[in-house]
Amino acid sequence: MSTRNIGIFAHVDAGKTTLSEQLLVHSGRIREAGSVDRGTAHTDDLPVERRRGISVRATCVSLEWKGTSIQLIDTPGHTDFSAEIERSFWALDAAVLVVDAAQGVQPQTETLFRALKNQRMPFLFFLNKTDREEADPDTALKQIRKKLTPEVCPLWNPEELTEYLCGTSDELMVRYLDGETIPADELRERLIRLTASGEACPALCGSALHDRGIAELLDAMVTYLPGPETGDSELCAVAFAAARDRSMGRGLWTRMFGGRLENRMTVELRVGTNRVTGEPILVQRKISQIRNAAGEDTGVLSSGEVGIVYGLGDLEIGHVFGNPEKLPRKVQPGTLKTPLIMVRALPEKPEEMQRLREACAALSSEDPLLEARYVETTGEMVLRIMGRVQLEILEEMLKTRFGLTVSFGEPAVIYRETIRQRATGFVAYTMPKPCWAVLEFDLEPAPRGSGITFSSVVPGRDIMPRYQHQVEQALPLALSQGRLGWQVTDLKITLTGGNHHLIHTHPLDFIVATPMGIQDGLRRGGSVLLEPVLEIVFTAPSGCAGRILSDVQQMRGEILDTAADGETVTIRALVPAASSMDYPIQFASLTSGKGSMSTSLHGYRECPTELGKTAPRRGVDPLDTSKYILAARSALEGDIFEF
Ligand code: GDP
Ligand code: MG
């Protein structure tokens, strides 16, 4: 059976959930559409989603239409951070972008559209809510052409469609102008090709709530959107989401791009990198069960398919099985994890801290945008999250899934830091014997957003390549907190000097020495505090413009541009995360719920020190030399540098 792996994207309230329900009904998968408004939708699976009427978790449902199996891979709706949108692309071959025909193109629609274009994802538009009086598909279409792309083909308007398609080919144009009626098949073939290559987007309209245009949409999904490319026998797959089953435990939603996975198969997984040797840490795990997207225990997943694999334990979302070269899109699990806010979690009963630790570990392994860590020295559970809404969802999940009542402290922004001026960092780790590692670094401030780069100009006869490699391995750890206590970034590091000693150098000395040398350089360079800055697009009734502009000023923000379009105004601004954390609530009341905010991380920028915060140092400061050396040596077997 041919398949389609499709994601439905929409701005909040455009009707994504309602549409998914209708697609299920039409395919015969369910008898009656659940309702978002009554809290009975099948694709919103957490109690908190039902109560709030929002979707927070990516889910996948499977349906069949005219002999094609369609996997609808739901996309998270509680954040409009573009990184998370792109994560949901990993499993997809194509998409449907839902636009509310009454409201038209929203800022969030533009964000989604840009992401789809960037990733060259074939997709079609569905203009929803045409039952509403103020909705007009042709007006919405005009807006799409103006704000998003001229390359959109309304399937409901045959003349316009023909004209558009003929305009894309000289040969067709000549025949069209000659008065020839171009056969429907030929036009369809042309549109299929243009859609697949991202040169055109078919558009349909209808009403998810009143069940109009749904069969046409299913037809179009099967006809115009491409299925997976199959036939490659080399294993290539990506784990794109986590699932949990009462008896099977943690499962991984997996998309196959090549080869196959089978029940009882032993797979070798790379679970990390050895800090000392830099070698990959490989473990062998046995697959204990495989279910297809419809939830059936099929025991096998083949190229092109989506399903759940059990038995692989705590594997990270974004894990790639087999050859990563065969992935159609870039998968970068690490870079997606940029939580901006830090908050303490406290169990109601102190004796439940251990259970809270386990629950948080389970949740963070499912959600790449949640980091949880227990700080031994203070006995606190610290969570790193994206925003306030996520907290509410967490609270609910801890309660319903783990029976834990938890309170949270005041959320605080996670800063970063860099140095003010170029500096040398030096360490001679030669005491107390036996040890020998001498290092000299050159630290140079680098442009914002450039991160850390490392190179060495030291010959191997001075510091053996094996030891130089250890220095590089120890860098992330050495930079995990700078002199202000925040992660260090935007730095060009060069190893400029130093030496090993043929007799005295102990195998791990360079690992112990690196943080001392780096911290010495950071101290000399002087600290600069960096704060996360968001790009926010506000859309609101024009009457609110004045207030928004002054609020942005108040928040130490900066207006990028404003545009008025009749009754609504769109304002694009850069605003520090620290000062805008609570603004969504104010904004909602200011606009009486008629406005919308679309947020993405713009980057980190220098922040006035008097506003900035330092973070308490975790672990022993490498500049507190004798204490540090003692701690490092005695804990070498364990996770010593867990700052
Ligand atoms: P989502 O946030 O994109 O998942 O949107 P929902 O499916 O939750 O729908 C948001 C609201 O719009 C709900 O109150 C739905 O009942 C309503 N809605 C969805 N589709 C339609 C439609 O075709 N016509 C009308 N009039 N309302 C709709
Ligand atoms: Mg929804």
Side-chain angles (χ1 to χ4, degrees), residues 6-26 29-30 32-61 63 72-81 84-85 88 95-113 115-116 123-141 156 203-218 220 389-390 392-393 539 584 588 592-599:
I6 293 174
I8 301 185
F9 293 89
H11 62 81
V12 172
D13 275 353
K16 183 175 72 184
T17 305
T18 310
L19 180 63
S20 306
E21 294 288 312
Q22 285 298 0
L23 292 171
L24 288 172
V25 172
H26 263 262
R29 223 5 246 286
I30 55 174
E32 194 186 341
S35 154
V36 174
D37 306 305
R38 289 195 304 272
T40 53
H42 296 77
T43 45
D44 285 354
D45 64 351
L46 289 170
V48 59
E49 293 175 313
R50 301 205 166 165
R51 206 187 57 233
R52 294 174 51 99
I54 55 163
S55 319
V56 294
R57 288 223 329 226
T59 49
C60 174
V61 290
L63 55 92
L72 291 183
I73 296 163
D74 195 13
T75 49
H78 73 292
T79 166
D80 31 26
F81 275 90
E84 200 183 356
I85 297 166
S88 55
V96 172
L97 181 53
V98 182
V99 177
D100 182 332
Q103 283 195 299
V105 172
Q106 300 291 300
Q108 216 185 356
T109 321
E110 291 182 53
T111 308
L112 292 166
F113 174 82
L116 289 164
F123 69 100
L124 49 81
F125 283 101
F126 184 74
L127 311 183
N128 190 30
K129 305 198 186 185
T130 51
D131 59 291
R132 288 181 52 178
E133 219 165 281
E134 38 325 359
D136 174 24
D138 290 306
T139 311
L141 188 73
W156 68 84
L204 295 92
C205 59
S207 162
L209 192 63
H210 296 285
D211 193 10
R212 282 186 228 145
I214 306 299
E216 290 79 355
L217 176 60
L218 282 161
V389 186
Q390 203 184 350
E392 192 183 330
I393 290 157
T539 310
S592 318
K594 292 197 193 96
S596 70
M597 278 174 69
S598 156
T599 311

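All ligand and atom numbering here is 1-based and tracks the order in the structure. Quantities reported herein were computed from a predicted structural model and do not represent experimental measurements.
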| task | Assess whether side-chain contact (heavy atoms from CB on, under 4.5 Å) is satisfied between Ile8 and Ser20, documenting all intermediate values. | result | CA-CA 8 Å; Ile8 301 185; Ser20 306; 3.9 Å; yes
| task | Could you please spell out the steps behind the side-chain contact (heavy atoms from CB on, under 4.5 Å) verdict for Lys129 and Asp131? | result | CA-CA 5 Å; Lys129 305 198 186 185; Asp131 59 291; 4.3 Å; yes
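In this structure, Glu21 CD and Leu209 CG are separated by 11.5 Å, a value rounded to the nearest 0.5 Å. If you take CG on Leu24 and CG on Leu19, they are separated by 9.5 Å, rounding to the nearest 0.5 Å. Within the model, atoms CG of Leu127 and CH2 of Trp156 stand 4.5 Å from one another, a figure rounded to the nearest 0.5 Å.
Looking at Ala208 next to ligand 1, an N or O pair under 3.5 Å apart turns up. Below 3.5 Å of separation, one finds no N or O of Ala10 facing any N or O of ligand 1. In terms of N/O distances under 3.5 Å, ligand 1 is approached by Leu209.
Using the six-membered ring where Trp is involved, Phe113 and Phe125 have ring planes that are parallel, under 30° apart on the 30 and 60° scheme.
The contact set between ligand 1 and Ser207, taken as ligand atoms under 4.0 Å from a residue heavy atom, comprises 22 (C), 23 (O), 24 (N).
The nearest non-hydrogen atom to atom 26 (N) of ligand 1, considering only Ile214, Asp131, Leu127, Val98, comes from Asp131. When Glu21, Lys16, Lys129 are ranked by how near their heavy atoms come to atom 11 (C) of ligand 1, first place goes to Lys129.
In Asp13, the parts holding a heavy atom less than 4.0 Å from any atom of ligand 1 are both the side chain and the backbone.
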